[in-house]
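The structure appears right after this line, and notes come after that.
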There are 2 protein chains.
Amino acid sequence: MPSNTFLKLGEEKRKRIEEAFLREFAVNSYDEASLSDVVKKLGIAKGSIYQYFEDKLDLFMYLVHTCNQVKLRYVGSVAAKGFPDFWAYFRKLFELGYQFDAENPLQSHFLHNLVRNVNSPSVRDLYDELMLQSVRGFGKMVAMEIELGRFRDDLPVSTMGFMLFRIGTSIQEQLEVEKEINPGKSIEDNVPVYQGKREVLMQTVDNYIKLVRPAFDK
Amino acid sequence: MPSNTFLKLGEEKRKRIEEAFLREFAVNSYDEASLSDVVKKLGIAKGSIYQYFEDKLDLFMYLVHTCNQVKLRYVGSVAAKGFPDFWAYFRKLFELGYQFDAENPLQSHFLHNLVRNVNSPSVRDLYDELMLQSVRGFGKMVAMEIELGRFRDDLPVSTMGFMLFRIGTSIQEQLEVEKEINPGKSIEDNVPVYQGKREVLMQTVDNYIKLVRPAFDK
DNA sequence: TATATTTGTGACTGCTTAGTCATATTATGC
DNA sequence: GCATAATATGACTAAGCAGTCACAAATATA
């Protein structure tokens, strides 16, 4: 966690530093990201970073947690209960995700790139934890839907929960493979991941829902 | 591609070198893998590697291609046509994959770890190419099944193909998340990825098929 | 204003890496 | 056996990195 020194830093400077590191970690993997580069660009001393954070991983984790919290303010603003069925809620999650992306492009890019950090031993645990959290969340929803008699009950909840999680990541992955989005370029241009791609995103979401609905519904 | 020097090397020495690098790349990501470490373990000079290969990427690509060819001898030994339906073929692919793993543990581990190399800019293109190849393969099968009137035709082939591809990777990923397999440990112990996990694997495959069948079948 | 505390600094350490190249060793052809 | 070609070698280069620390500057306290 960051030191008091960092937290006392003053809005302006703190944001400037945070954003520089967000950008670095959004462009590079954890291991490739260079603190030396960032401080050079920021025009501050290397040692300062180590007055603000324990080490590279501490800084990285801080960014993960703050970004996560920001995103949670969006996707956590609604509950599954308020929707006619699970799929309406599932769909809404992507709309909120789009909104988060549009209003917090840097944080969105950072979280996007996070998915590519599975490998680094240093952040592997952190990533696994985040994934498990998400998978468990979907698992709970699946259990709820089964309870309500809306989802089939002849398969392990874990399988269905994991599948839902994977559907979410597949959607963004497919858009990338099919060159609809290009995070590498859009971060350079300082624009959101899904800039101008709202329709394409939601169309893809709808396609995926249409596809997998029969797999889950009773 | 490797030099003649490498190809002329003699079965024994060539295999020893190949296997040492396969192991290194099976344990570490491309960037983390250290040629210096491997040559030290092998007891050969660093310079020798550069008589065999252009550079690190050349060596890596050679390993990808040879492993791919070995695996293709398994999964390519059957055609979708010979099966009563697509899902029987899909299931068979995993049986053949298991067999490949059991008989070529090192190559299997290497290919397994490949999935974790999406990030490295150096191998990104190579990985994308392999993925696209696989996705296109599934796309073709989807198109065929639609032609035969067995798959639904109200969704883009690309979406359905990509989903099938993702189902395949999700199966192995879920087994890993649920600690059924542990590549990191099994490579250390010199045993196949799915050692003693045939039943669990096929059960998971069956579960996934059972789950997603209604999503694809007409 | 003088002293104490907090914050900022950047040269430096120690480490690792891919890749090179002049030299030594081994194999081949005559 | 000798000369030529092919192969093996490992110290070396240049570059990168995270993290440190003695010192300087700024700020707070008295």
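Chain naming here is simple, since letters A, B, ... match the order of the sequence lines and numbering starts at 1 in each.
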Exercise. So, A:Glu199 versus A:Gln203: side-chain donor-acceptor pair below 3.5 Å or not?
Worked result: no

Nearest-Å distance for atom pair [atom1]/[atom2], residues [X] and [N]:
X	N	atom1	atom2	result
B:Lys40	C:dT17	NZ	C1'	11 Å
A:Tyr30	D:dA18	OH	C1'	9 Å
A:Ile49	C:dA11	CD1	P	17 Å
B:Lys56	C:dG19	NZ	P	8 Å
B:Glu54	C:dT20	CD	C1'	14 Å
B:Phe25	C:dA18	CZ	C1'	11 Å
A:Gln51	D:dA22	CD	P	14 Å
A:Leu7	C:dT6	CG	C1'	15 Å

Please confirm whether the shortest side-chain N or O distance from [X] to OP1 or OP2 of [N] is below 4.0 Å.
X	N	value
B:Tyr52	D:dT7	no
B:Ser34	C:dT17	yes
B:Lys8	D:dT7	yes
B:Ser36	C:dA18	yes
A:Tyr50	C:dT9	no

Ranking D:dA8, C:dT9, C:dT17 by distance to the side chain of B:Asp37, first place goes to C:dT17

Against the side chain of A:Asp55, the closest entry in D:dT9, D:dA8, D:dG19 is D:dG19

Residue set satisfying side chain to side chain contact (heavy atoms under 4.5 Å, CB included) with A:Gln107, at least two apart, ordered chain then number -> A:Leu22, A:Cys67, A:Phe100, A:Asn104

When we call it a touch if two heavy atoms are under 4.0 Å apart, what does B:Leu9 touch: a base, just sugar-phosphate, or nothing? sugar-phosphate

With sequence neighbours left out, the residues meeting salt bridge (Lys or Arg N to Asp or Glu O under 4.0 Å) with A:Glu11 are A:Arg14

Rounding to 0.5 Å, atoms OH (A:Tyr89) and CE (A:Met141) come to a distance of 4.0 Å

Assign each of B:Thr5 and A:Lys46 the nucleotide of DNA chain D bearing its closest heavy atom; nearer the 5' end lies the nucleotide of B:Thr5

Give the ring-plane orientation class for A:Phe165 versus A:Phe162, where under 30° counts as parallel, over 60° as perpendicular and anything between as tilted. tilted

